[in-house]
Amino acid sequence: MDFLKGISASYINAVKACFQLEIEQQDLSINETRKDFNGDFTFVIFPLVKQLKKSPLEIGNTLGNWLIVNEPKIVGFETIQGFLNVTLSDKFWLDTLKLITETLAFGTQPANNKKVLVEFSSPNTNKPLHLGHIRNILLGWSCSKILAANGYDVIKTQVINDRGIAVCKSMLAWQKFGNGATPESTSVKGDHFVGDFYVRFETEFKKEFELFQKSPQGIELLATQRKAEQDVDIFWKEYKNKYFNEYSLLGAEAKEMLLKWESGDEDTKSLWQTMNAWVYTGFNATYDKLGVNFDSLYYESDTYLLGKKAVEDGLIKGVFYRQDDGSVWVNLEDVGMDRKIVLRSDGTSVYMTQDIGTAQQRYEDFGVDKMVYTVADEQDYHFKVLFEILKRLGEPYAEGLHHLSYGMVDLPTGKMKSREGTVVDADDLVEEVINEARNMSSERGEITALPKDEQEDILRKIGMAALKFFIIKVQPKKRMIFDPKESVDMQGQTGPYIQNAYVRIQSIKRKAGKDILEDGWTMYVDLEEPEKALIKHLLIFPNVVKEAGEQYDPSSIANFAYNLAKAFHRFYHDVRILNAETEEAKAFRSKLSEEVGKVLFTAFDLLGIEMPDRM
RNA sequence: GGUUCCGUAGCUCAGCUGGAUAGAGCAACAGAUUUCUAAUCUGUGGGUCACAGGUUCGAAUCCUGUCGGGAUCACCA
């Protein structure tokens, strides 16, 4: 199904026939011919120059002449410097388009009988989702889709961090200041409701801490503990954690609540369940708006004790070692990492232990070949260590582990900081982009005749496309700057621009009716440049999907979709489709448009973006 | 400090398994519609691809170093 391979094969044959030289597929380079030269594809012949000791021009012309005579699909060539530009026949383009139309689910691969588990989102239950989560969720979701398109059986999952001191903080704040309020009684979305109590805790704690700083005890502490030259504010900032653990009343209460939770205290558990249920209702509403879902869920409250058995096994295998104080470690210095603790001296586990156990649990649950973790790049080192440990433990899936690492999202004003209230809330953002779509749409009036709910559905699709495309078009590993103003742009390199290409195609399909000859297009001759350009784009789609899967990189699909849409808009502008010069041209262009529409739809689906039929 | 990622136009980003004169979008300016959706198209201006070496016929792309920015280096998660 690799169309480019056919062309490459011709070249390989030519080299063999003309120069008795065997070259491999991988060491020949074929590119699309740059637009300022004649031709469709370009072979670079410099690599042959050295071996053959002939001039590039001579080699190019020899190969070109051979190709014209022996390869019917090649009808012209031109050698410029070390480049052989070949022109392909109309028949080649028509055949290519025919093959594309006949290929079921063009661009995707058949099932490969391999299972991959993709983890993404994985929020904490003490705060609502924000912009950072959105990048994570879009990447994870898109990656799942892309892997599925590459033949994998994909299981989408997340581990919900539903326990720990942070969760206890919001519980405690609700207990102390909530007066029995609920999301229902206040009409506040559940996750925001709970998040507000987390913030309330932090506010109260801050007050308490400030009072402490002014108390005799605090003054003495500052006098005795502060290092010379140290800024007073910085001293307290650094002391905050210690204060929380050793002096704070609120801190003590929160910690006590955590202990109660861990010992299974019924009242605590019941409050915890109630509040988490509120959060999940809120999260699910956000997931719905983002158009994502999960096949399985892991809760940290179930997994946080996992991994201890793995540590036992690892000790026996010699992967880990026990220190005199009883703590267990792994030494990874031989591969350039350091020593990491996997079990504390009191026998409790750390994050790493939990992750080892969870990985094993997932393998037991699903028997996967691969696992993808969508987690921000601040945890690069953690995953390097985790994967190395799992490898040493001899886990069967160890070679299939991948950390889908992505850079943080910054605002034009700098980093998002919850303390400074600059965190962009996911729900607010979604609402904002849809409102912007509404504004843009009202200026145009294209959809005003539709029923209200249909209009809303379209506006939702347009707004979400703007937001999602803006985020997903950036390579995951790159840190990105999120400018809210730009994210709602709907012109140029944006989601709505691509949707617009699709919508134009749907409009043509509606108007075309049935008077188009079904196979008339195969008789079309003398293809126009924009038509060839479209077929060229279509034909690389399967490679783009494959590559995106191998690289875990949705941004390449986003760029492809943009380029295809751009080529279509150009085509649409340059040639008449339904009013074409001939019936053959009309049939051909309709067919071509339809295929472009299908590919745009598929590409956007792989990105988790919906297409409207009108806009 | 060690490790690691990033640095391309005023701004946001492509291009990175080495190939021709480094591309888009935004912003600015000038145009295009009696005709399939103008959320479109065409054009103009805008570059020391952070810097310096190296490898190569050829480097934004690979290697080394320097500078700048981020992350990370807990018996935290």
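Chain naming here is simple, since letters A, B, ... match the order of the sequence lines and numbering starts at 1 in each.
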What contact category does [X] fall into here, base, sugar-phosphate, or nothing, at under 4.0 angstrom with non-hydrogen atoms?
X: A:V575; result: base
X: A:I462; result: base
X: A:Y351; result: base
X: A:V474; result: sugar-phosphate
X: A:E300; result: sugar-phosphate
X: A:N245; result: nothing
X: A:V350; result: sugar-phosphate
X: A:T348; result: nothing
X: A:R34; result: base
X: A:M408; result: nothing
X: A:P47; result: base
X: A:I508; result: sugar-phosphate
X: A:I341; result: base
X: A:Q81; result: nothing

Exercise for the section: Please confirm whether any donor atom in the side chain of A:D489 sits under 3.5 Å from an acceptor in the base of B:rA27, or the reverse. Expected result: no

Problem - Distance-only donor-acceptor test (3.5 Å): side chain A:T494, base B:rA39 - result: no

Take atom [atom1] in [N] and the same atom in [M], then report the distance between them in whole Å.
N: B:rA39; M: B:rA60; atom1: C1'; answer: 33 Å
N: B:rC5; M: B:rU42; atom1: C1'; answer: 40 Å
N: B:rC36; M: B:rU17; atom1: C1'; answer: 42 Å
N: B:rC6; M: B:rG65; atom1: P; answer: 16 Å
N: B:rC26; M: B:rG69; atom1: P; answer: 32 Å
N: B:rG68; M: B:rC29; atom1: P; answer: 39 Å
N: B:rG58; M: B:rG54; atom1: C1'; answer: 15 Å
N: B:rU3; M: B:rC13; atom1: P; answer: 28 Å

Handout entry: Nearest-0.5 Å distance that lies between atom OH in A:Y299 and atom OG1 in A:T125
Key = 10.5 Å

Handout entry: Contacts of type side chain to side chain contact (heavy atoms under 4.5 Å, CB included), residue A:N241, not counting sequence neighbours
Key = A:N245

Measure [atom1]/[X] against [atom2]/[N] and give the value in whole Å, please.
X: A:D483; N: B:rG10; atom1: CG; atom2: P; value: 18 Å
X: A:Y406; N: B:rG70; atom1: OH; atom2: C1'; value: 15 Å
X: A:N331; N: B:rC73; atom1: CG; atom2: C1'; value: 15 Å
X: A:I481; N: B:rU12; atom1: CD1; atom2: P; value: 4 Å
X: A:L411; N: B:rG70; atom1: CG; atom2: C1'; value: 15 Å
X: A:K50; N: B:rG58; atom1: NZ; atom2: C1'; value: 11 Å

Closest to side chain of [X], choosing from [options]:
X: A:Q379; options: B:rA20, B:rC16, B:rA77; result: B:rA77
X: A:F83; options: B:rA71, B:rA77, B:rA20; result: B:rA20
X: A:N500; options: B:rC36, B:rA39, B:rA20; result: B:rA39
X: A:Q475; options: B:rC73, B:rU37, B:rG15; result: B:rG15
X: A:Y497; options: B:rU12, B:rC41, B:rU72; result: B:rC41

Practice task
Could you list all the ring-ring contact (aromatic ring centres under 6.0 Å, His included) pairs where at least one residue sits in residues 332-351 of chain A, not counting sequence neighbours?
Solution key: A:Y351-A:H382

Problem - Toward the 5' end of RNA chain B, by each residue's nearest nucleotide, A:M490 or A:K473 - result: A:K473

Problem - First encountered from the 5' end of RNA chain B, between A:A437 and A:I577 - result: A:I577

Problem - Pairing annotation in dot-bracket form, given for RNA chain B with Watson-Crick or G-U pairs under 3.5 Å and | for cross-strand partners - result: (((((((..((((.....[...)))).(((((.......))))).....(((((..]....))))))))))))....

Problem - Qualifying residues under side-chain hydrogen bond (donor to acceptor under 3.5 Å, both in side chains), relative to A:S248, sequence neighbours excluded - result: A:E208

Problem - A:F205-A:Y243 aromatic ring centre distance below 6.0 Å - result: yes

Problem - A:R135 charged N/C atom sitting above A:Y406 aromatic ring, 6.0 Å / 45° - result: no

Handout entry: Exam field: side chain A:R344 to backbone A:S349, donor-acceptor pair closer than 3.5 Å
Key = yes

Handout entry: Residue-level proximity of residues 548-566 of chain A to RNA chain B when a heavy atom falls under 4.0 Å
Key = A:N559, A:Y562, A:K566

At a cut-off of 3.5 Å, list every protein nitrogen or oxygen paired with a nitrogen or oxygen from nucleotides 29-35 of chain B, distance to 0.1 Å.
none

Practice task
Give me the ring orientation class for A:Y552 and A:H402: parallel if the planes are under 30° apart, tilted from 30 to 60°, perpendicular past 60°.
Solution key: parallel

Practice task
Indicate the ring-plane relationship of A:Y524 and A:F588, choosing parallel, tilted or perpendicular according to the 30° and 60° boundaries.
Solution key: parallel

Exercise for the section: Not counting sequence neighbours, list each pair that qualifies as a salt bridge (charged side-chain N to carboxylate O under 4.0 Å, His left out) and has a residue in residues 38-61 of chain A. Expected result: A:D40-A:K532, A:D40-A:K536

With [X] via salt bridge (Lys or Arg N to Asp or Glu O under 4.0 Å) - residues at least two apart:
X: A:E550; result: none
X: A:K566; result: none
X: A:R460; result: A:D457, A:E610

Fill in the blank from the handout: Sorted by chain and number, sequence neighbours left out, ring pair (Phe, Tyr, Trp, His ring centres under 6.0 Å) with A:Y373 holds for A:F383, A:F387

Exercise answer: donor-acceptor pairs, residues 434-443 of chain A side-chain atoms, under 3.5 Å, sequence neighbours excluded:
residue : atom : partner : partner atom : Å
A:N435  : OD1  : A:R438  : NH1          : 2.6
A:N435  : ND2  : A:E431  : O            : 3.4
A:R438  : NE   : A:E456  : OE2          : 3.4
A:R438  : NH2  : A:E456  : OE1          : 2.7
A:R438  : NH2  : A:E456  : OE2          : 3.2
A:S442  : OG   : A:R438  : O            : 3.4
A:S442  : OG   : A:N439  : O            : 2.7

